[in-house]
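Since the structure comes first, as structure tokens, the remarks are kept for the end.
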Amino acid sequence: LSAVLFAAGDPSAAQAAEQKTATVIVNPSWRTPPEPTLEDYPAFAFSIGVPGRVAVECVTTTLGLVKDCKAVRETPGGLGFGPAAIEIAMRGRISPRRVDGVATDSRILTNIPFGTDPLVRVQPKPWRGEEPTPPHLAAAEAYLALMGKLPEEDYDALLAPLPEARRAIVRSWIEELFPDREKAEAMFIRGLARTVPQGTLERWSSGVFSEKDLSEFSDLADLQAAMEDQFDSNAAFLELRRRYCQDYDCSTARPASAR
């Protein structure tokens with residue numbers, strides 16, 4: 001009896017009993033972290049060089065999956081970073097929360113960053129080759145007619161993540177700053193004539209192709225270089241970014257308390 005009374009009054013014995021019954025909790029952690037790829041980046045934000053960051057909260061399951069994800073903080077807003085981050089988070093895999101060794105559902109908060117190189121001024125390189133003659137340009141134009149018109153720019157897809165009212169404004173800026181279809185085709189024709197011999201274009205426009213002809217025009221970078229001096233696309237994108245960031249938020253704040 002005295003031993004029982006002694007044990008009951010001994011604080012160390014009580015603490016030992018508590019330790020034996022204490023709950024051991026291991027919080028969820030990423031086994032396969034969600035990593036954004038270039039394809040995940042909202043197209044318009046990428047085109048004007050705006051980075052983003054999203055804090056995403058998800059339910060974690062005992063099977064190591066995530067579900068019911070939601071963006072709890074998105075900076076900057078209105079560019080589509082939130083929906084993109086949710087899709088990225090859903091690809092991740094979890095080591096689930098465990099209570100005394102038993103897996104349980106839980107929640108996890110994580111940051112999804114979107115990084116891109118900032119836009120900087122790059123002067124277009126002048127064309128230093130010979131300019132095509134009118135017959136040479138006519139051969140390039142005939143080949144374009146055989147190919148069909150250049151495809152229309154898909155501004156709807158580019159601007160889809162933006163709020164509807166904002167899309168209309170940004171579209172008007174794009175239409176002002178970038179070449180319309182007629183000018184784009186004229187640029188393409190001149191670039192083609194600068195890079196492909198006249199005789200080759202004449203054969204192509206007649207539907208005659210050879211391996212030698214194709215080897216002369218195998219690198220699209222040559223065509224892009226031949227068109228660079230006709231339109232300063234870098235200046236246009238910089239101006240588009242300036243207008244957008246002046247009227248809307250382009251800043252990126254770091255969400256807090258995320259794993």
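Cluster membership for Tyr248 and Leu162, using ILVMFWY side-chain heavy atoms within less than 4.5 angstrom, is shared. Leu79 and Ile174 fall within the same hydrophobic cluster, where Ile, Leu, Val, Met, Phe, Trp and Tyr residues are linked whenever their side-chain heavy atoms come under 4.5 Å apart, directly or through other members. Val59 and Ile86 are assigned to two separate hydrophobic clusters, defined by single-linkage of ILVMFWY side chains at heavy-atom distances under 4.5 Å. Hydrophobic cluster membership is shared by Met187 and Tyr143, with clusters built from Ile, Leu, Val, Met, Phe, Trp and Tyr side chains linked at under 4.5 angstrom. Under a hydrophobic clustering in which Ile, Leu, Val, Met, Phe, Trp and Tyr are joined whenever their side-chain heavy atoms come within less than 4.5 Å, directly or via other members, Leu223 and Met147 fall into the same cluster.
Counting heavy atoms from C-beta outward, Glu175 and Asp180 have side chains that stay 4.5 Å or more apart. Here the side chains of Val50 and Cys245 are in contact, with some heavy-atom distance below 4.5 Å. A 4.5 Å side-chain heavy-atom check between Phe114 and Phe46 finds every atom pair outside the cut-off. When side chains are defined from C-beta on, Phe81 does not count as touching Thr75, because their heavy atoms never get closer than 4.5 Å. Annotation: side chain of Arg167 is not in contact with side chain of Tyr155 (no heavy-atom distance under 4.5 Å). With contacts defined as side-chain heavy-atom distances shorter than 4.5 Å, the pair Arg171/Asp156 qualifies. Side-chain contact between Val24 and Val99 is absent, with no heavy-atom pair separated by less than 4.5 Å. Looking at Phe44 and Leu240, their side chains come closer than 4.5 Å, going by heavy atoms from C-beta outward.
Contact detail for Trp30 and Pro33: the closest heavy-atom pair is CB-CA, 3.9 Å. The two residues Cys58 and Val56 make their nearest non-hydrogen contact at SG-CG1, 3.7 Å. Closest non-hydrogen pair, Pro76 versus Gly52, comes out as CD-CA, 4.0 Å. The minimum heavy-atom distance linking Ala226 with Thr195 is given by the pair CB-CG2, 3.6 Å. The minimum heavy-atom distance between Gly80 and Pro161, with the atom names listed, is CA-CB, 3.6 Å. For the residue pair Ile112 and Pro34, the shortest heavy atom distance occurs at CD1-CG, 3.7 Å.
Comment: Arg128 does not engage Asp229 in a salt bridge, judged by the lack of any side-chain N to carboxylate O separation of less than 4.0 angstrom. A salt bridge between Arg91 and Glu35 is absent, with no side-chain N of the basic residue lying under 4.0 Å from a carboxylate O of the acidic one. The pair Asp222-Arg194 does not count as a salt bridge, with every side-chain nitrogen at least 4.0 angstrom from each carboxylate oxygen.
For the atom pair OG1 of Thr61 and CG of Asp68, the computed distance is 10.5 Å after rounding to the nearest 0.5 Å. Taking CD from Glu239 and CD1 from Ile48, the interatomic distance works out to 11.5 Å, rounded to the nearest 0.5 Å. Atom OG1 in Thr37 sits 7.0 Å away from atom CD1 in Ile88 (nearest 0.5 Å). Taking CD of Glu57 as the reference point, atom CZ of Arg73 lies at 14.5 Å (rounded to 0.5 Å). Annotation: the span from Asn27 atom CG to Ser95 atom OG amounts to 12.0 Å, rounded to 0.5 Å. Atoms NE2 and CD, from His136 and Glu130 in turn, are 10.5 Å apart once rounded to the nearest 0.5 Å.
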Practice problem: Decide side-chain contact (heavy atoms from CB on, under 4.5 Å) for Arg190 and Leu137; before the verdict, give the C-alpha distance in whole Å, the side-chain angles of both, and the deciding distance to 0.1 Å. | Solution: CA-CA 6 Å; Arg190 181 167 293 275; Leu137 290 170; 3.6 Å; yes
Quiz item: Can Asp232 and Arg121 be said to form a side-chain contact (heavy atoms from CB on, under 4.5 Å), step by step?
Solution: CA-CA 10 Å; Asp232 192 344; Arg121 182 68 179 117; 2.5 Å; yes
Exercise. For the pair Val170 and Tyr244, evaluate side-chain contact (heavy atoms from CB on, under 4.5 Å) and give the outcome as yes or no after the intermediate values.
Key: CA-CA 7 Å; Val170 175; Tyr244 184 89; 3.9 Å; yes
Quiz item: Hey, mind stepping through Trp173 and Phe178 against side-chain contact (heavy atoms from CB on, under 4.5 Å) and telling me if it holds?
Solution: CA-CA 8 Å; Trp173 293 340; Phe178 291 83; over 6 Å; no
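Side-chain N or O atoms of Asn234 include one that pairs as donor or acceptor with a backbone N or O of Val120 at under 3.5 Å. In this structure, Asp100 contributes its side chain and Ile25 its backbone to no donor-acceptor pair below 3.5 Å. Between the side chain of Arg241 and the main chain of Leu119, no donor-acceptor pair closer than 3.5 Å is present.
Environment of CD in Glu228: crowded, with over 12 heavy atoms of neighbouring residues, nucleotides or ligands closer than 6.0 Å. Other residues, nucleotides and ligands place no more than 12 heavy atoms under 6.0 Å from the CD atom of Glu164.
Between the side chains of Glu202 and Gln198, at least one donor N or O lies within less than 3.5 Å of an accepting N or O.
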